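So the structure is just underneath, and the comments pick up after that.
Numbered from 1 within each chain, the chains take letters A, B, ... in sequence-line order. Source: prediction; values computed, not measured.
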Amino acid sequence: MSTLTIPKKRDKAARPTTGQAAESPWVPAAKPTVSLLPRYIKEKQAAARTKRHTLVALGLLAFLVCGGIVGSYLVDRASEQALAEAITAKESALTEVTALAPIASYYDGLAARRTAVETALAQDVTHADLLGDIIDAMPSGVSLTGYATETGSPCSDPDPFEPVPALGCLNISATAANESQVAQTVKALAEDKQFDGVLAEPFVSGLTTTDKVEFNVSVNFTDHTLSLRFLSDEARQAIEDQRAATTDEDDDQ
Amino acid sequence: MTTQQKKILLLGGLAAAVLIASGYFFGIRPLLDDRASNQAAAAAALTETSALVRTTADLQAKEADLPKAKAEMADLVEQFPTHYEQDEWLDMVASAARASDVRIQSVAPTTPVDAATAIDPLTGLPLAPPVDTTTTATTDTSTPATATEGADAVAAAFPLAQSTITLNVGGRPADIRRFVDRLEQMSRPVSIDSVSLTTLDGASTATIIGKTYLSRSLDEPTRAAADQ
């Protein structure tokens with residue numbers, strides 16, 4: 001026997017929505033919706049919607065662009081600040097250097113004097129040693145009657161094929177008892193080159209025999225006669241090292 | 001999509017492009033350029049600052065060493081005084097002659113000439129080397145310029161004057177040699193160019209030609225100026 005059951009009253013929330021399948025044949029199916037708006041209204045609405053969305057997007061974009069500008073501005077301000085600090089530091093350092101300028105000038109002046117002295121006296125010759133060498137080189141019986149130095153112009157070299165580099169020319173006049181003593185003098189002057197390289201290539205330019213023999217000898221003096229006393233320690237050491245190397249080479253030959 | 005929507009989207013796209021372009025070219029880019037310029041200027045300033053700091057450190061070290069430099073300058077001034085002071089110089093020469101047992105027959109010094117403009121008799125060239133007037137300070141290029149230009153720069157770079165001296169003395173050759181030695185070793189040395197000696201009847205006379213030098217005065221740095 002069939003019984004008729006009355007469906008329980010359901011909550012509004014439990015009611016099926018439009019389009020949802022009814023749980024029971026008593027619940028009506030969703031109503032079909034139909035837009036009765038004219039097409040041109042629909043198009044207007046769509047256009048309005050698109051316009052709204054576009055404006056929102058443009059607003060968002062404008063916001064982003066403004067954010068970028070503000071960010072760049074802040075970064076620019078920071079760089080300006082850094083520049084200002086760098087300039088302040090530079091001006092401060094410049095002030096200190098300017099304050100110490102008299103010290104710099106003093107050292108510049110001292111260096112200029114040192115260099116000027118070295119330049120002006122680079123060709124300073126120890127004439128006392130040179131004269132001493134000549135006096136010592138005179139053999140017994142030979143008297144020195146004339147001695148004249150000429151710095152800067154070497155004598156005519158007796159060896160035209162391999163002239164010796166010379167600093168100047170020394171002209172000697174002397175008297176001897178005989179020609180043999182003249183030869184001894186020339187030999188003594190020539191041997192000087194073997195010892196310290198001060199004199200080079202003696203040459204008898206004239207010899208007259210009367211009751212005694214009067215003769216003239218010219219001999220070059222080399223840069224070994226330079227005093228080097230006004231040079232800096234480094235420059236002096238460099239020249240002395242060079243001389244030592246040259247002497248070693250001569251010894252080897 | 002309707003035609004109107006397409007138009008709106010097209011206009012929106014154009015507006016966006018204009019917005020981005022104007023924001024970049026008129027807002028962001030000038031600021032970025034300015035920032036790059038500031039950074040470059042700051043980097044340059046920092047480089048200059050570090051150079052100046054090094055110069056300062058160097059000058060401070062020199063300031064600490066000033067007594068040594070002054071002693072060196074005093075030595076130089078003793079050999080190359082700022083004024084001729086002939087009385088002292090003649091005393092030195094006379095003393096050298098007495099100690100060497102030679103007799104001074106004549107002394108003829110010339111008035112000093114500025115070595116910066118003098119001609120070297122050996123080379124025929126100016127005694128002073130050419131000076132580059134564009135760089136006068138030897139300490140550091142960032143040091144404030146202290147020297148003047150042109151002729152003044154040459155004079156500043158070559159601050160010597162020279163006086164040629166001709167001495168005639170009599171004595172034995174060995175004594176004359178000692179006298180020449182003493183002349184060279186004087187506290188105000190004579191740089192000898194030539195010695196001519198003649199002996200007649202056992203008596204020798206010598207003509208000695210040389211130079212003595214004066215140096216231009218140098219102002220001492222004052223402590224107050226350095227502390228400014």
Side-chain angles (χ1 to χ4, degrees), chain A residues 43 46-47 50-51 54 57-58 61-62 65 68-69 72-73 75-76 79-80 82-83 86-87 89-90 93-94 96-113 116-117 119-121 123-128 131-132 135 143-152 227, chain B residues 2 4-5 8 12 15-16 19-20 23 27-28 31-32 34-35 38-39 41-42 45-46 48-49 52-53 55-56 59 62-63 69 73 76 115 122 127 129 137-139 143-144 146 156-160 173-174 177 180-181 184 191-199 215 218 221 225-226 228:
Chain A
E43 283 180 0
T50 305
K51 194 175 175 184
T54 304
L58 282 175
L61 190 62
V65 169
I69 291 172
S72 301
Y73 175 75
V75 169
D76 184 45
S79 70
E80 277 179 9
L83 175 61
I87 288 173
K90 179 186 154 188
L94 191 60
E96 284 188 50
V97 171
T98 307
L100 289 166
I103 305 287
S105 300
Y106 189 77
Y107 274 87
D108 285 345
L110 180 58
R113 277 152 186 76
V117 166
T119 306
L121 296 164
Q123 301 292 309
D124 181 56
V125 171
T126 49
H127 282 272
L131 180 56
I135 291 171
S143 301
L144 187 68
T145 56
Y147 166 102
T149 56
E150 201 175 343
T151 310
S227 70
Chain B
T2 64
Q4 193 156 6
Q5 277 180 300
I8 290 166
L19 189 63
I20 290 171
I28 294 171
L31 288 168
L32 288 180
D34 193 38
R35 176 193 170 215
N38 287 342
Q39 283 179 331
L46 284 176
E48 284 181 48
T49 305
L52 287 169
V53 166
T55 305
T56 305
L59 291 176
K62 284 182 172 175
E63 189 181 25
M73 188 64 201
L76 268 176
L122 302 182
L127 192 60
T138 58
T139 313
T143 304
T146 55
F158 205 83
L160 290 183
R177 182 215 164 265
V180 170
D181 187 37
E184 289 174 338
S191 174
I192 294 172
D193 291 329
S194 70
V195 177
S196 302
L197 185 140
T198 313
T199 303
S215 65
L218 179 62
Q228 275 173 5

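To the nearest 0.5 Å, the span separating OG on Ser191(B) from NE2 on His127(A) amounts to 7.5 Å. Note that OH of Tyr106(A) is 15.0 Å distant from CG of Leu59(B), once rounded to the nearest 0.5 Å.
With chain B as partner, the option from Thr54(A), Val125(A), Leu110(A), Ile87(A) having the largest number of non-hydrogen pairs under 4.5 angstrom is Leu110(A). Of the listed residues Ala41(B), Ala174(B), Ser215(B), the one with more heavy-atom pairs under 4.5 angstrom with chain A than any other is Ala41(B). Among Ile28(B), Thr2(B), Asp181(B), the residue with the largest count of heavy-atom pairs under 4.5 Å with chain A is Ile28(B). Put simply, of Thr126(A), Asp124(A), Thr149(A), the one with the most heavy-atom pairs under 4.5 Å next to chain B is Thr149(A). For the set Leu121(A), Val75(A), Asp76(A), the count of heavy-atom pairs under 4.5 angstrom toward chain B peaks at Asp76(A). Per-residue counts of heavy-atom pairs under 4.5 Å with chain B were compared for Ser227(A), Ser143(A), Ala82(A), Ala47(A); the largest is that of Ala47(A). Chain B forms the most heavy-atom pairs under 4.5 Å with one residue out of Ile135(A), Ile69(A), Val65(A), and that residue is Ile69(A). Ranking Thr49(B), Val195(B), Leu19(B) against chain A, the residue ahead of the rest is Val195(B), based on heavy-atom pairs under 4.5 Å. Chain A forms the most heavy-atom pairs under 4.5 Å with one residue out of Val53(B), Ile20(B), Leu46(B), and that residue is Ile20(B).
Met73(B) and Arg113(A) get closest at one heavy-atom pair: CE-CD, 3.3 Å. Between Leu32(B) and Ser72(A), the closest heavy-atom pair is CD2-OG, 4.3 Å. The heavy-atom pair separating Leu131(A) from Pro173(B) by the smallest distance is CD2-O, 4.3 Å. Taking each heavy atom of Ala128(A) and Val180(B) in turn, the nearest pair found is N-CG1, 3.5 Å. Nearest heavy-atom pair, Ala16(B) versus Leu58(A), reported as atom, atom and distance to 0.1 Å: N-CD2, 3.5 Å. A pairwise comparison of heavy atoms in Pro159(B) and Ala116(A) identifies CD-CB, 3.8 Å as the closest pair.
Proximity of a side-chain donor or acceptor of Ser79(A) to a complementary backbone N or O of Gln39(B) within less than 3.5 Å is not detected. Proximity of a side-chain donor or acceptor of Thr199(B) to a complementary backbone N or O of Leu144(A) within less than 3.5 Å is detected. Under a 3.5 Å cut-off, the side chain of Glu63(B) and the backbone N or O of Ile103(A) do not form any donor-acceptor pair.
With a 4.5 Å cut-off on non-hydrogen atoms, Ile192(B) touches chain A through its backbone and its side chain both. For Gln4(B), the part lying near chain A is the side chain, with the backbone staying farther off; criterion is any non-hydrogen pair under 4.5 Å. Looking at Glu80(A), the atoms closer than 4.5 Å to chain B (heavy atoms on both sides) sit in the backbone and in the side chain alike. Both the backbone and the side chain of Thr56(B) come within contact range of chain A, with heavy atoms under 4.5 Å apart.
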Trace of the side-chain contact (heavy atoms from CB on, under 4.5 Å) decision for Glu96(A) with Leu52(B): CA-CA 9 Å; Glu96(A) 284 188 50; Leu52(B) 287 169; over 6 Å; no
